[in-house]
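Here the structure is a predicted model, which means the values were calculated and not measured. Counting starts at 1 for both ligands and their atoms, in listed order. Atoms considered below: every heavy atom in the structure, side chains included; atoms not considered: hydrogens, waters and symmetry mates.
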Amino acid sequence: MRSVLVEGPRRMSLVERPMPDPAPGEVRVRVRYAGICGSDLHIFHGQHPYVQFPRIIGHEFAGHIDAVGAGVDASLEGQRVAVTPVVSCGTCHSCRTGRPNVCLNLQVVGVHREGGFADYCCVPVECAVPLPDNVDDRAAATVEPFSIAANMLGRTGVLNEDTALVYGAGPIGMTVIQALSGVHGLRQLVVVDRIESRLDWARDSGATLTVNSADRPLSEALQDAGLSPDLIIDAACHPAILEEALDLAAPAGRIGLMGFSPQPSSVPQSKLNRKELTLYASRLNNRKFPEVIDWMAQGLIRPERFVSHSFKAEQVHDAFALLEESPVECCKVLLDFN
Ligand code: NAI
Ligand code: MN
């Protein structure tokens, strides 16, 4: 089978590998489309803390089940599925208390185990989530990035009355913006970025006010608009943002953090307690695939606007080059394994 194999930093190639057989409890997925994530670029550059080489990468993908392992219902063969990359042990404290996405023994598909940039990928049957006919193959490959937004917003909760502020209109910010607008119907949705073309997408996806912080301070723009955010999501993920968010948040505000920077943020406790703010962290997704698939089936979000490019699997180097050289032109870039 064709596989995108990263053998070490900056050593990536499309190679032939033997087709894997599903282990007991697993299914084999014939991959149709797979999305390229910023973390795939980090793995490619050897900047990912957890990856072990050589690795078939890819954790955002969908296709159909073409074989099942021992103990798995054979009638699943042929079922179209989106694959969640979260493989958890089921027995640790996190798993037993309903938080398998932060399993003590977490294995992420495409990071700790072979991923979906290949014709076939084997995963535990629980990771292969069925798709209805009205969610097409390209949309299906974007369930994973939208599940990042679903998890973050599931953590913070979203109230009808919320004025929301989203930092960053990159791919992850866009999933949050689409969910806040399409699913939650927020009337006040402010998006800040420094790149005008990304702010154009944000408006197209439901932002009611966009602020280019390269042009004017965000605090000034919010003051002029008379807005004070109740819900702030940091999808730009610079450690300095938390400090600013504490100042901008309304009393009783909730702040969702998505970044993995090792750099500290400077957070005086008085700023949290004076307004009784709440901070939420979010990692991957906690069984959010059915919810996101339902959003798609109901037409609440627009995955077709989220996908900006698609390349044949053979053009994987061109796809990575585009993302590296012209990130401003890209939102989600798909690989087609048809
Ligand atoms: P990206 O780099 O494409 O987008 C980030 C956007 O933020 C860019 O448009 C950039 O111009 C903007 N930005 C940067 N600094 C800013 C600032 N100070 N103020 C306003 N805008 C600013 O990245 P992508 O793919 O959208 O991912 C965003 C982050 O989400 C990454 O840091 C990634 O690690 C994190 N992430 C977290 C996950 C989780 O489960 N918690 C899962 C996936 C991604
Ligand atoms: Mn991803």
Discussion item. Quick check for you: within a radius under 2.8 Å, how many protein N, O or S atoms neighbour the Mn ion (ligand 2)?
Written reply: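 Counting protein N, O and S atoms closer than 2.8 Å to the Mn ion (ligand 2) gives 3.
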
Practice prompt. For this output row, return yes or no: ring centroids of Phe117 and Phe61 closer than 6.0 angstrom.
Written response: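 No - the distance between ring centres of Phe117 and Phe61 does not fall below the 6.0 Å cut-off.
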
Fill in: Members sharing Ile195's hydrophobic cluster (side chains within less than 4.5 Å)
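Besides Ile195, the hydrophobic cluster comprises Val328, listed by chain and residue number.
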
Worksheet item: Does Leu334 sit in a hydrophobic cluster with other residues, and if so which ones, taking ILVMFWY side chains as linked at heavy-atom separations under 4.5 Å, directly or through other members?
Response: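 Leu334 shares its hydrophobic cluster with Tyr33, Val307.
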
Worksheet item: For Asp336 and Phe311, what are the C-alpha separation, side-chain angles and deciding distance, and is it a side-chain contact (heavy atoms from CB on, under 4.5 Å)?
Response: CA-CA 6 Å; Asp336 179 352; Phe311 287 83; over 6 Å; no

Worksheet entry | Sorted by chain and number, the residues that approach ligand 1 to under 4.0 Å with a heavy atom |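 Around ligand 1, where the cutoff is 4.0 Å for heavy atoms, the contacting residues are Ile148, Gly168, Gly170, Pro171, Ile172, Val192, Asp193, Arg194, Ile195, Arg198, Ala235, Ala236, Cys237, Ile241, Met258, Phe260, Ser282, Arg283, Leu284.
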
Item to complete: Report the relative orientation of the aromatic rings in Tyr50 and His112; use parallel for angles under 30°, tilted for 30 to 60°, perpendicular for over 60°.
Response: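 Because their plane-to-plane angle is under 30°, the rings of Tyr50 and His112 count as parallel.
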
Discussion item. I'd like to know if Glu16 pairs up with Arg2 as an ion pair, taking the criterion as any Lys NZ or Arg NE/NH1/NH2 lying under 4.0 Å from an Asp or Glu carboxylate oxygen.
Written reply: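 Judged by the 4.0 Å cut-off on N to carboxylate O distance, Glu16 and Arg2 do not form a salt bridge.
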
Discussion item. Less than 4.0 angstrom from a charged side-chain N to a carboxylate O is my criterion; do Arg113 and Glu26 meet it?
Written reply: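 Salt bridge: yes.
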
Practice prompt. Treating Ile, Leu, Val, Met, Phe, Trp and Tyr as nodes and any side-chain heavy-atom pair under 4.5 angstrom as an edge, say whether Phe289 and Leu284 lie in one connected cluster.
Written response: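 Per the 4.5 Å side-chain linkage, Phe289 and Leu284 are not co-clustered.
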
Item to complete: Could you walk me through whether Val267 and Leu272 pass side-chain contact (heavy atoms from CB on, under 4.5 Å), step by step?
Response: CA-CA 8 Å; Val267 181; Leu272 281 163; 3.8 Å; yes

